[in-house]
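Below are the structure tokens for one structure; questions will follow.
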Amino acid sequence: MFTGIIEAIGSIRAMTPKGGDVRVYVATGKLDLGDVKLGDSIAVNGVCLTAVELPGDGFWADVSRETLARTAFVDLKPGSAVNLEKALTPTSRLGGHLVSGHVDGVGEIVARADNARAVQFKVRAPRELAKYIAHKGSITVDGTSLTVNAVDGAEFELTIVPHTLAETIMVDYQAGRKVNLEVDLLARYLERLLLGDKAGEPKASGLTESFLAEHGYLNK
């Protein structure tokens, strides 16, 4: 588990094809690896990766086909800057929100504009994730815990203060950029709870409009 508070900006040093997937070397910059051991989890742009080698100034991790297919990791290359966060511990401050490091989908930056000293971003999420994104709710973008300031269909707005811009890769975001999205964990569990006994049925993956109407959650 993570908090979505980025600890350092690192960079992709190498990406090596290996047995059908990819082994990646992440240079970790100012991230303190003194308490990291083999098998520990580190979030890279919001993707939970397992350290399989620790050369000293970074770590090697294996990236599966599943991860490459479902995240914006496929767009990274040697030299790409990445957000980094070590897994939380029982004594960590939960400064953001609970983040699993399991990406729900790939979004796209559709607009960027200055807002006083802050920067306003508009992000388009996959349509299937729109139901989990709420005004003033939490969302994780490339591993960064953020507050949603407005929602319009599958698009949502973020206001990013100077500190966050300086400490994350968001400073480089421009329209067209693909980003990893993880919706609020509690929204995911709430959806399964509302399904009740139907959660055990095949293909009971989420709340459809017909399900909500049938059970009185929508005005018919």
Side-chain angles (χ1 to χ4, degrees), residues 1-29 31 33 36-55 57-88 96-109 123-130 132-133 138-146 154 168-170 172-173 176-189 191-192 205-206:
M1 297 295 291
F2 305 90
T3 69
I5 302 301
I6 303 305
E7 297 180 273
I9 296 176
S11 64
I12 301 298
R13 183 73 57 82
M15 300 184 77
T16 306
K18 190 176 181 69
D21 49 37
V22 173
R23 178 161 286 192
V24 60
Y25 181 67
V26 183
T28 50
L31 188 71
L33 297 179
V36 175
K37 60 184 183 299
L38 293 181
D40 282 355
S41 297
I42 298 176
V44 180
N45 278 3
V47 179
C48 179
L49 297 181
T50 301
V52 297
E53 293 182 44
L54 291 165
D57 63 344
F59 67 98
W60 285 94
D62 292 317
V63 182
S64 68
R65 289 181 179 179
E66 173 77 2
T67 298
L68 291 171
R70 293 186 176 275
T71 72
F73 223 96
V74 69
D75 295 329
L76 297 179
K77 57 184 182 297
S80 295
V82 290
N83 289 326
L84 300 175
E85 183 192 354
K86 294 185 291 187
L88 63 83
H97 70 285
L98 287 175
V99 175
S100 70
H102 303 152
V103 173
D104 291 304
V106 177
E108 181 181 349
I109 304 297
V123 186
R124 181 181 298 120
R127 288 179 60 87
E128 63 271 19
L129 295 185
Y132 304 111
I133 302 171
S138 296
I139 193 163
T140 306
V141 179
D142 277 345
T144 306
S145 173
L146 299 168
T168 72
I169 63 172
M170 295 192 77
D172 296 323
Y173 285 1
R177 169 108 176 210
K178 297 294 194 296
V179 292
N180 292 321
L181 301 178
E182 181 184 333
V183 298
D184 185 52
L185 193 63
L186 295 179
R188 281 290 195 190
Y189 281 115
E191 178 184 41
R192 292 293 287 176
S205 58

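On a predicted model such as this, the values are computed, not experimentally measured, just so you know.
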- Query: Between V141 and L181, is a side chain to side chain contact (heavy atoms under 4.5 Å, CB included) present by the stated rule, with each step listed?
  - Reply: CA-CA 5 Å; V141 179; L181 301 178; 3.8 Å; yes

- Query: Given side chains that start at C-beta, do those of I42 and T50 come closer than 4.5 Å, heavy atoms only?
  - Reply: no

- Note on the structure: To the nearest 0.5 Å, atom OG of S11 lies from atom NZ of K77 at 12.0 Å

- Apply the test side chain to side chain contact (heavy atoms under 4.5 Å, CB included) to residues F59 and V44: give CA-CA distance (whole Å), side-chain angles for both, the deciding distance (0.1 Å), then the verdict. CA-CA 11 Å; F59 67 98; V44 180; 3.7 Å; yes

- Item | Sequence-distant partners of R177, side-chain hydrogen bond (donor to acceptor under 3.5 Å, both in side chains), two or more places apart |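 Scan of R177 (side-chain hydrogen bond (donor to acceptor under 3.5 Å, both in side chains), adjacent residues dropped) gives none.
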
- Measure the spacing between CG of D62 and OG1 of T67 and express it to the nearest 0.5 Å.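 Output value for this atom pair is 10.5 Å.
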
- Task: State, with a plain yes or no, whether a side-chain heavy atom of I169 is found less than 4.5 Å away from one of N45.
- Result: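 Side-chain contact under 4.5 Å: yes.
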
- Item | Side-chain heavy atoms of V82 within contact of V26, under 4.5 Å | yes

- Message: Could you tell me if the side chain of L84 sits less than 4.5 Å from the side chain of I6, heavy atoms only?
- Response: no

- Counting distance only, does the side-chain N/O of E182 pair as donor-acceptor with the main-chain N or O of G101 below 3.5 Å?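 Yes, the answer is positive, given that a donor and an acceptor are paired below the 3.5 Å cut-off.
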
- Task: Output the distance between atom CE (M170) and atom CD1 (I109), rounded to the nearest 0.5 Å.
- Result: 6.0 Å

- Heavy atoms only: give me the nearest A154-A130 pair and the separation to one decimal. CA-CB, 3.9 Å

- Task: Can you see which heavy atom on M1 is nearest to which on S100, and at what distance?
- Result: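 Heavy atoms of M1 and S100 come nearest at SD-CA, 4.0 Å.
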
- Item | Heavy-atom side-chain proximity of C48 to F2 below 4.5 angstrom | yes

- side-chain hydrogen bond (donor to acceptor under 3.5 Å, both in side chains) partners for E53, two or more places apart: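 Expected list: R23.
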
- Task: Would you check if the side chain of E7 reaches a backbone N or O of K86 as a donor-acceptor pair within less than 3.5 Å?
- Result: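 A pair under 3.5 Å: yes.
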
- Query: If you take all heavy atoms of R65 and G20, which pair is closest and at what distance?
  - Reply: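 Between these two residues, the closest heavy atoms are NE-O, 3.1 Å.
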
- Decide side chain to side chain contact (heavy atoms under 4.5 Å, CB included) for V47 and V63; before the verdict, give the C-alpha distance in whole Å, the side-chain angles of both, and the deciding distance to 0.1 Å. CA-CA 10 Å; V47 179; V63 182; over 6 Å; no

- If you round to the nearest 0.5 Å, how far is CD1 of I5 from CG of L88? 11.5 Å

- Partners passing side-chain hydrogen bond (donor to acceptor under 3.5 Å, both in side chains) against T28 (at least two apart in sequence or in another chain): none

- Query: Heavy atoms, side chains only, cut-off 4.5 Å: are F73 and K178 in contact?
  - Reply: no

- Side-chain donor-acceptor contact under 3.5 Å, Y132 with D104: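 There is no such pair (donor and acceptor under 3.5 Å, judged by atom type) between the side chains of Y132 and D104.
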
- So, D57 and Y25: side-chain donor and acceptor under 3.5 Å apart, yes or no? yes

- Return yes if some donor-acceptor pair links the side-chain N/O of E85 with the main-chain N/O of T3 below 3.5 Å, else return no.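 Side chain of E85 to backbone of T3: a pair is present.
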
- L185 side, atom CG; H102 side, atom NE2 - distance, nearest 0.5 Å: 9.5 Å

- Between the NE2 atom in H97 and the CG atom in D184, the distance rounded to the nearest 0.5 Å is 5.5 Å

- Query: Any side-chain heavy-atom pair from V24 and W60 closer than 4.5 angstrom?
  - Reply: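 In short, these two side chains do not touch, never coming nearer than 4.5 Å.
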
- Is any side-chain heavy atom of L38 closer than 4.5 Å to a side-chain heavy atom of V52? no

- N83 side chain to G143 backbone, donor-acceptor under 3.5 Å: no

- Message: Go through it in stages, so that I can follow the logic: the residues are V22 and T16, the test is side chain to side chain contact (heavy atoms under 4.5 Å, CB included), and I'd like the CA-CA distance, side-chain angles, deciding distance and then a yes or no.
- Response: CA-CA 5 Å; V22 173; T16 306; 5.8 Å; no

- Any sub-3.5 Å donor-acceptor pair from N180's side-chain atoms to A72's backbone N or O?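 A pair under 3.5 Å: yes.
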
